Amino acid sequence: MRLQLFIAILFLAFKNADAQLAIDEISNDDDAVRFVQRYSDTYKLEWKKVGVDIYSIFPKRFLTPEEILIVDSLTKRKWIKADFNQDGKTDLIFSGKIYSQLAVLAFLTRNDSVELKYIGSTVFSFYPTGIEELDVDNKSFLVVNCVERNQLKIDWKKDLKRDTLIYKFDGFVEYNSKPASKFKFDSVVFRIFSTWSGVIDIPVMKIFRDGNVTLQGNKSSYRYDSTLWVNGVYESKINVEMIKELEDLLGYINFPGLEDEYEIKLVSDLATVVTEVYYEGKMKKVKDYGYHGTFGLHLLYKFLNKIKTSCRTRKD
């Protein structure tokens, strides 16, 4: 038994070291594609047709010669190697195709292993995304250029959006040079509405400044998935560290300064997220159809869902 355990540990060590070594040794597009495919095979993600030829799924025949020049310039970088999570080791950003869709993926070192992070809220896209590296004060920033998907006809000059991202809060978020240093909330209300599978009311979560959390659901949400949703009222409590992390995240993304509403147009049957933050006698409400929003909102939803999942102690 001890020998088997030793061999398993030794295998993992070699696998993790090999993954890191593979990132360091990437020198061309073929190397990057092989690394991504090997990562998929190792963790059984079953990605197929990994590559960097975007025109195989985004045909040139739909573009004018001027638009082709813009897309070529936009997608010139297929991969970037840099230390984005500031751990002293090399990370990889890959912008290419998987199956018949496009994706921007981050492979980040975490101690001696490599962890996959999706850039933004949408795993895959039908439109090319440009990636660049920006170095400021010895820190690596990721610049993402993507098209707003709000219409059938794209104006590549008008609809191209540029975001400078930094790795914080276990993900990539829009860089804020002057975040709120002491953002204090009284309560946060988080709800999701969806028409999928007939689900209308998914439990509402309320987080209070003292760490108390309530989840309130009903029979329709309970019938959807009794292991995840709730029927009735649940109460729980989160620790001071999680409250502080939530305040830091809300302050960094400047939640009060966000738009009141975000929406992915021309797409139906997506979930709508509504987040309300009460602070200093005020209330800011953000309605987000399709989890589209911003990179910062995506990280906020991820954190709030983490809290929701951890709070399932039934109130007697």
Side-chain angles (χ1 to χ4, degrees), residues 11-60 71-135 140-147 149 162-168 170-173 291 295 298-299 302:
F11 170 77
L12 288 174
F14 275 116
K15 183 181 71 173
N16 291 335
D18 183 55
Q20 175 58 35
L21 182 64
I23 291 180
D24 286 332
E25 292 186 341
I26 291 173
S27 61
N28 54 51
D29 292 350
D30 290 338
D31 290 344
V33 170
R34 277 194 293 269
F35 172 83
V36 174
Q37 186 63 69
R38 188 177 66 174
Y39 189 96
S40 169
D41 295 341
T42 300
Y43 294 99
K44 296 180 174 55
L45 300 177
E46 298 184 356
W47 290 341
K48 304 296 182 183
K49 300 181 180 178
V50 176
V52 293
D53 179 16
I54 65 168
Y55 288 119
S56 64
I57 56 176
F58 193 76
K60 287 185 177 181
V71 173
D72 285 343
S73 177
L74 177 70
T75 59
K76 185 177 181 180
R77 297 290 299 271
K78 312 297 185 183
W79 51 273
I80 296 173
K81 293 195 305 181
D83 182 14
F84 289 101
N85 61 356
Q86 301 296 310
D87 69 345
K89 298 182 180 180
T90 309
D91 307 315
L92 173 70
I93 306 295
F94 176 81
S95 180
K97 69 170 186 176
I98 296 176
Y99 299 108
S100 59
Q101 298 184 36
L102 300 171
V104 180
L105 309 171
F107 298 90
L108 303 176
T109 54
R110 182 83 65 178
N111 297 320
D112 290 325
S113 63
V114 176
E115 181 180 358
L116 170 65
K117 294 287 182 182
Y118 297 103
I119 306 297
S121 59
T122 304
V123 177
F124 299 113
S125 171
F126 293 103
Y127 299 112
T129 299
I131 56 173
E132 303 171 36
E133 178 191 357
L134 179 65
D135 291 323
S140 294
F141 293 80
L142 175 63
V143 179
V144 173
N145 300 282
C146 58
V147 173
R149 297 167 296 166
R162 181 182 177 89
D163 289 300
T164 299
L165 309 179
I166 187 173
Y167 185 80
K168 290 178 70 69
D170 198 31
F172 285 88
V173 61
Y291 277 69
F295 292 94
H298 170 63
L299 294 185
K302 183 179 178 181

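Treat the numbers as computed from the prediction; the structure is a model and nothing was measured. Residues: numbered from 1 along the sequence shown.
- Minimum heavy-atom separation, Val71 to Pro128: CG1-CG, 4.1 Å.
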- Item | side-chain contact (heavy atoms from CB on, under 4.5 Å) between Lys76 and Ser73, intermediate numbers included | CA-CA 5 Å; Lys76 185 177 181 180; Ser73 177; 5.9 Å; no
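- Listed for the Thr129 side chain is no donor-acceptor partner under 3.5 Å among the backbone atoms of Val144.
- Remark: Arg110 pairs with Glu115, Tyr167, Asp170 by the side-chain hydrogen bond (donor to acceptor under 3.5 Å, both in side chains) rule, at least two apart or across chains.
- For Glu132, the side-chain hydrogen bond (donor to acceptor under 3.5 Å, both in side chains) test picks out Asn145, Arg162, with sequence neighbours left out.
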- Item | Stepwise side-chain contact (heavy atoms from CB on, under 4.5 Å) check, Leu165 with Ile119 | CA-CA 10 Å; Leu165 309 179; Ile119 306 297; 4.1 Å; yes
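- Contact between Val50 and Val33 at its shortest, heavy atoms only, is O-CG1, 3.5 Å.
- Distance CG/Leu299 to NZ/Lys168: 11.0 Å, rounded to 0.5 Å.
- Contact record, Lys97 with Ser56: NZ-OG, 2.9 Å, taken as the closest heavy-atom pair.
- For the atom pair Asp72 CG and Ile54 CD1, the distance stands at 7.0 Å (nearest 0.5 Å).
- Residues Leu134 and Ser140 form no side-chain contact, since every pair of their non-hydrogen atoms from C-beta on lies 4.5 Å or further apart.
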- Asp163 and Phe172: CA distance, side-chain angles, deciding distance, side-chain contact (heavy atoms from CB on, under 4.5 Å) verdict: CA-CA 11 Å; Asp163 289 300; Phe172 285 88; over 6 Å; no
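- A distance of 4.0 Å separates OG1 in Thr90 from CG in Asp24, rounded to the nearest 0.5 Å.
- Between Tyr39 and Trp47, the angle of the ring planes stays under 30°, which puts this pair in the parallel group of the 30/60° scheme.
- Shown here are the ring-ring contact (aromatic ring centres under 6.0 Å, His included) partners of Phe84, two or more places apart in sequence or in another chain: there are none.
- For residues 78-88, the set of pairs meeting the side chain to side chain donor-acceptor pair (under 3.5 Å) definition, not counting sequence neighbours, comprises Asp29-Trp79, Asp87-Thr109.
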- Does the side-chain contact (heavy atoms from CB on, under 4.5 Å) test come out yes or no for Leu92 and Val114, once each step is laid out? CA-CA 10 Å; Leu92 173 70; Val114 176; over 6 Å; no
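- The shortest side-chain heavy-atom distance between Lys49 and Tyr99 does not fall under the 4.5 Å cut-off.
- Atom-to-atom distance recorded for Ile98:CD1 and Glu46:CD is 13.0 Å, nearest 0.5 angstrom.
- Not less than 6.0 angstrom separates the ring centroid of Phe94 from the ring centroid of Phe35.
- In terms of heavy-atom proximity, Ile131 sits nearest to Ser95 at CD1-CB, 3.7 Å.
- The line from CZ of Phe295 to OG1 of Thr164 is 10.5 Å long, rounded to the nearest 0.5 Å.
- Every side-chain hydrogen bond (donor to acceptor under 3.5 Å, both in side chains) that Asp31 has, sequence neighbours left out, goes to Ser27, Arg34.
- Between atom CG of residue Leu105 and atom OH of residue Tyr118 there is a gap of 6.5 Å, rounded to the nearest 0.5 Å.
- With sequence neighbours left out, Glu133 forms a side-chain hydrogen bond (donor to acceptor under 3.5 Å, both in side chains) with no residue at all.
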